[in-house]
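All values reported here derive from a predicted model rather than from experimental measurement. Sequential numbering from 1 along the given sequence is applied to the chain's residues.
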Amino acid sequence: MDERHVLIVTDKGDVTKNIIDYTTVENKVLIRFNNKDECYNFPASKVNIMTNPVSLAIDRQTVFYKGLPLRNVQEALDFGGILKIFFKNQTTQIYETELINIKETNPADKWVTNLMNYWEDIAQYVKSEEESAGYSKKRSRLDQQDTFLKKQFSRLNSIHADSVLASYVNQTPITPLGTGTAPVIYPFRFNLSQKKALEQALISKICVIEGPPGTGKTQTILNILANLTAMQNKSVAVVSGNNAAVRNVKDKLDKDGYGFIAASLGNMENREAFFNNLPDYQVADWNSDIPIETHIKTINDLSRRLDELLLLANRKAKLDQEISAYRLEKKHFQLHNQQFDYDGMERLFYRRQTPETVISFLADEYFSGIHSFRFLRKAKLLFKYGFYQFKKLKKNRLELITRLQMKYYESKLAELELESHEIKLELDRESFDDLMKQHETSSTVLFKHHLFRKYRSKKTYNGNLKNYKHNFDAFIDHFPILLSTTHSLRSCIPDNFLFDYVIIDEASQVDLLTGVLAMSCCKQVIIVGDTKQLPQIVDEKIQGKLTVTDVSEAYNYFNHSVLTSVLSIYEENIPKVRLKEHYRCRPRIIEFCNHQYYDNELIPFTSEEESDISIRLHYTSAGNHMRRVTLEGKQGSFNHREIEAFREEILQELQLQNIPNEDIGFTTPYRLQVTEANLILDDNIEMDTVHKYQGREKPVMVLSTVLDQTRNGQIGKKFVENPQLVNVAVSRAQKQFILVTDHQLFRTSRKDIGNLIRYIEYNTLHEHITQSELVSVFDLLYSEYSEKLNDLQNRLFTKFRYKSENIIWRVLSDLIEEDKYKCVIFGTQVYLKDLIRETGHLSESETTYIKHRASFDFVFYDAINKQPLLALEVDGFASHRNNPDQLERDKKKDSICKKIQLPLLRLPTTGSNEIEKIRRNLDMILYSQADI
């Protein structure tokens with residue numbers, strides 16, 4: 001029998017392949033296969049046998065299925081209403097003829113096929129983790145055969161029109177889906193951003209959940225799974241680039257007794273383990289005695305009440321974050337001004353002052369000083385603020401301003417602490433924690449009840465590894481959640497099966513090849529990841545081997561993960577939610593990442609005591625300690641001094657804190673440093689590269705940077721200061737982060753490790769704080785002070801004394817919005833006294849000048865450690881060139897700047913190209929010549 005010209009379709013689909021013959025006996029059709037010893041009987045009513053097909057001409061033609069081209073088509077036979085397509089990889093597929101369109105090939109129609117060919121071309125050079133490690137005996141000769149991914153792509157002859165992959169390659173606009181009628185439950189607890197993410201996921205064909213470190217990605221995924229599987233009866237695959245991420249989901253399902261609804265498949269080893277130990281379940285006591293409608297009403301009522309309370313809880317967390325920042329800055333201010341006596345502040349006013357009125361007073365006093373205390377100005381200070389000590393103000397204005405600044409810190413802290421306390425009282429009064437628990441309990445009861453109704457009479461699944469795909473509907477009914485790696489997912493399911501949803505976790509590390517395979521077998525996709533964390537590692541050498549290269553940049557395998565590719569295609573038009581509530585790291589640890597990478601959007605819900613040492617910096621002794629191995633096959637860099645400093649100094653201190661070695665993680669950018677550390681350190685200390693640590697955490701994390709000041713060390717800085725690498729390294733630490741690094745290499749760096757060093761120094765008041773003559777411009781005080789000066793535009797003709805200053809203020813405000821200059825901020829009318837700790841090396845006239853309210857028009861300073869970087873003066877022609885007194889003051893200011901080593905840029909109003917001058921001076925300070 002020529003099976004090519006016969007088509008036998010049963011309720012199992014096309015069964016023609018490998019048929020020897022068939023016979024009709026009474027009401028049954030007996031079919032014999034050449035790869036099986038037994039025959040199969042099918043009811044005649046369920047068998048459709050077709051013969052004598054018509055061969056269709058497909059030379060120079062493209063075959064389209066639902067508007068998408070089929071690739072690798074070899075032959076097409078029309079059986080009258082059903083088309084049988086033969087592909088070049090020896091596979092066949094049947095289609096309804098009315099859904100097929102064959103037309104002459106047009107170059108514009110080839111781009112989808114070209115894109116698939118591009119990915120398949122790459123796939124032949126990419127091995128899975130199992131293949132690379134040689135786990136499978138069957139694939140011990142991989143160099144002589146196609147890789148696993150190559151086989152997967154060669155079988156992907158067509159893109160299912162209803163799949164996410166079809167939308168992705170066609171860049172179909174994303175429109176909201178129907179919301180359905182099922183109630184939304186949260187059996188795994190939730191917060192505001194997680195709630196928003198879940199609701200968005202349920203109505204989107206494609207959506208992105210951005211999950212910064214410690215924001216509860218897995219918890220969000222678990223709540224999504226509960227709603228999709230139990231409440232909406234959907235099938236879901238949870239996949240990632242590695243087994244660790246999906247195992248985390250399975251472990252948490254098992255912990256709460258829900259593991260029986262998930263099948264851990266993936267590679268053959270995992271599949272064998274799953275079918276050898278099929279899960280059992282006991283749901284008899286999961287039935288709810290209370291009517292389901294009652295639980296639904298309770299959940300809906302609680303959700304409405306909790307929305308407002310969750311906002312309050314977030315507000316309180318932000319306030320506590322702000323309080324911590326003000327307390328730290330107050331400490332710096334006290335250290336800088338410890339010679340001043342802050343007592344007697346209230347005697348300056350006859351009524352109580354708020355933080356806002358203190359700032360307003362300082363701003364108004366600034367303008368009052370300009371006009372030498374004219375009567376109207378005095379009257380304004382008296383009636384608006386209750387200030388009456390004009391003699392004290394005239395006699396010692398600088399001391400009074402300092403006392404007012406201290407008053408600002410005290411009153412601002414009192415105000416913030418009062419608001420935080422009042423919110424706490426309201427949350428307690430509303431029993432916030434109890435309501436959250438009630439919501440979780442009711443959600444859990446409803447979740448379990450739906451599982452009870454589904455599984456109460458269902459017997460344990462009795463399929464096996466060999467036959468589960470033949471009746472996959474029964475398998476997926478038992479196990480609506482399938483867990484796999486992205487590269488193995490398609491091999492776990494029958495051809496053309498579509499999950500209702502695929503959730504791609506840790507998507508920043510999922511490469512495009514395996515991400516495309518995952519998107520090819522689902523109707524909706526939820527992509528969970530973080531572009532601020534490390535991407536997947538790709539072999540750049542593959543590019544030189546490719547025969548297909550002309551693809552759109554958004555689909556480029558070497559430039560994109562599945563996450564960044566989707567974001568690049570849809571940009572702002574993709575439904576996207578960032579999780580913001582943070583639960584892993586102590587506030588001082590995550591605050592670096594928050595400021596450096598997440599636009600200060602994260603809200604820490606952890607806490608720490610004043611005495612806690614959450615972040616530490618440990619410099620190695622002077623000298624070049626890095627060594628580079630160039631021996632082929634063993635190349636790499638290591639630094640024994642950093643390992644030994646950790647073992648001999650840091651580890652002993654941690655032991656005194658009763659921290660066990662099992663709670664300590666040692667990480668580094670370099671694989672060879674991990675190898676050397678394993679030879680030197682205790683086995684109980686977990687050691688791995690930063691790339692391998694992504695997705696993990698430890699109470700204490702140590703980062704060893706390895707590099708020194710040699711040429712090789714300088715070359716390596718770009719790799720070590722990778723923003724995504726530093727973000728991952730810091731955010732692994734729960735209670736304490738320790739940086740071990742060269743004593744000098746990164747000190748002047750304006751990139752990530754340099755910023756981290758300055759952050760640690762500023763936040764710890766540590767002995768490693770740079771002992772320079774320049775000290776902090778206190779950004780919280782001066783930011784509000786500057787804003788208040790700007791607000792005076794409502795009452796004054798200009799923000800500043802001169803129009804030229806207003807122009808430069810606008811220029812600087814625009815400048816610091818650029819990515820290049822987001823590492824700096826600027827203050828306006830900054831007193832010199834706030835920049836100078838000691839005046840002993842200044843002349844008497846310079847000291848007197850400082851005491852008489854001397855200030856800079858603008859000062860740029862480091863956004864992290866508040867170190868002044870550049871002073872800027874706007875020199876008007878009339879007020880400078882025609883004013884001998886001002887010229888003398890300018891000389892003193894120039895001399896003071898030189899002595900305290902603070903660069904000063906003067907911008908005469910008669911000059912030109914001011915913006916370029918500002919940029920050039922900032923670039924010289926912030927970046928090396930190689931970076932400019």
Side-chain angles (χ1 to χ4, degrees), residues 66-69 71 107-123 126 149 153 156 158-177 197 200-211 237 239-241 486-487 489-490 498-499 501-536 538 543 546 548-578 724:
K66 290 186 176 181
L68 290 167
R71 64 193 191 106
D109 296 328
K110 295 180 66 176
W111 78 271
V112 174
T113 301
N114 185 67
L115 182 58
M116 297 299 294
N117 290 339
Y118 163 73
W119 287 325
E120 184 176 349
D121 195 8
I122 297 170
V126 180
L149 286 178
F153 271 95
L156 193 59
S158 63
I159 299 175
H160 198 296
D162 297 328
S163 70
V164 169
L165 183 57
S167 300
Y168 168 72
V169 298
N170 286 324
Q171 301 187 15
T172 307
I174 303 171
T175 55
L177 307 173
Q200 184 67 72
L202 298 181
I203 63 168
S204 304
K205 177 87 171 180
I206 304 173
C207 75
V208 169
I209 299 176
E210 292 184 285
V239 296
S240 187
T486 46
H487 69 264
L489 181 60
R490 279 191 65 89
L498 290 183
F499 289 97
Y501 283 83
V502 162
I503 300 174
I504 304 178
D505 195 10
E506 297 286 357
S508 69
Q509 290 196 311
V510 173
D511 64 89
L512 264 188
L513 294 190
T514 63
V516 163
L517 292 176
M519 288 191 289
S520 73
C521 50
C522 64
K523 300 173 186 175
Q524 280 91 240
V525 68
I526 301 166
I527 300 173
V528 184
D530 181 11
T531 58
K532 306 298 183 181
Q533 296 189 59
L534 286 163
Q536 81 285 3
V538 297
Q543 293 190 73
L546 300 181
V548 183
T549 57
D550 185 21
V551 296
S552 171
E553 197 280 332
Y555 301 104
N556 189 302
Y557 167 81
F558 303 95
N559 295 343
H560 286 289
S561 66
V562 67
L563 172 61
T564 58
S565 175
V566 167
L567 291 174
S568 176
I569 289 169
Y570 289 103
E571 297 179 332
E572 296 305 313
N573 296 317
I574 190 168
K576 180 173 60 175
V577 176
R578 173 179 283 181
Q724 295 156 317

If you define the side chain from C-beta out and look only at heavy atoms, does anything of [X] sit under 4.5 Å from [Y]?
{"X": "S163", "Y": "L498", "value": "yes"}
{"X": "T531", "Y": "S508", "value": "no"}
{"X": "Y118", "Y": "N556", "value": "yes"}
{"X": "Y557", "Y": "L546", "value": "no"}
{"X": "H487", "Y": "V126", "value": "no"}
{"X": "V510", "Y": "L563", "value": "no"}
{"X": "I569", "Y": "S565", "value": "yes"}

Distance, nearest 0.5 Å, that separates [atom1] of [X] from [atom2] of [Y]:
{"X": "I203", "Y": "I174", "atom1": "CD1", "atom2": "CD1", "value": "11.5 Å"}
{"X": "S561", "Y": "E506", "atom1": "OG", "atom2": "CD", "value": "11.5 Å"}
{"X": "I503", "Y": "C207", "atom1": "CD1", "atom2": "SG", "value": "9.0 Å"}
{"X": "S204", "Y": "I209", "atom1": "OG", "atom2": "CD1", "value": "9.5 Å"}
{"X": "R578", "Y": "D530", "atom1": "CZ", "atom2": "CG", "value": "7.0 Å"}
{"X": "L149", "Y": "D511", "atom1": "CG", "atom2": "CG", "value": "7.5 Å"}

Is the number of heavy atoms from other residues, nucleotides or ligands within 6.0 Å of NZ (K532) greater than 12?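 No, not enclosed.
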
Where [X] and [Y] come nearest, the two heavy atoms and their spacing:
{"X": "V502", "Y": "A518", "answer": "CG2-O, 4.1 Å"}
{"X": "L517", "Y": "C521", "answer": "O-SG, 3.6 Å"}
{"X": "I206", "Y": "S167", "answer": "CD1-CB, 4.4 Å"}
{"X": "L165", "Y": "S520", "answer": "CD2-CB, 3.6 Å"}
{"X": "A554", "Y": "H560", "answer": "O-CD2, 3.6 Å"}
{"X": "Q533", "Y": "G211", "answer": "NE2-O, 3.6 Å"}

State whether the side chain of [X] and the backbone N or O of [Y] hold a donor-acceptor pair below 3.5 Å, judged by distance alone.
{"X": "N170", "Y": "T172", "result": "no"}
{"X": "K205", "Y": "V164", "result": "no"}
{"X": "R71", "Y": "L156", "result": "yes"}
{"X": "Y570", "Y": "P173", "result": "no"}
{"X": "D121", "Y": "N117", "result": "no"}
{"X": "N114", "Y": "K110", "result": "no"}

What orientation do Y555 and Y168 show, parallel under 30°, tilted 30 to 60°, or perpendicular over 60°? perpendicular

Once the angle between the rings of F153 and W119 is folded into 0 to 90°, is it parallel (under 30°), tilted (30 to 60°) or perpendicular (over 60°)?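 Tilted, since the angle between the ring planes falls between 30° and 60°.
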
Begin with the C-alpha distance, continue with both residues' side-chain angles, and end with the deciding distance and a verdict on side chain to side chain contact (heavy atoms under 4.5 Å, CB included) for D162 and K66. CA-CA 9 Å; D162 297 328; K66 290 186 176 181; 3.9 Å; yes

Can you name the ring pair (Phe, Tyr, Trp, His ring centres under 6.0 Å) partners of F499, sequence neighbours left out?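 Checked F499 against ring pair (Phe, Tyr, Trp, His ring centres under 6.0 Å); matches are F497.
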
Using the test ring pair (Phe, Tyr, Trp, His ring centres under 6.0 Å), find all partners of Y501 that sit at least two apart in sequence or belong to another chain.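 With neighbours one apart ignored, the set is empty.
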
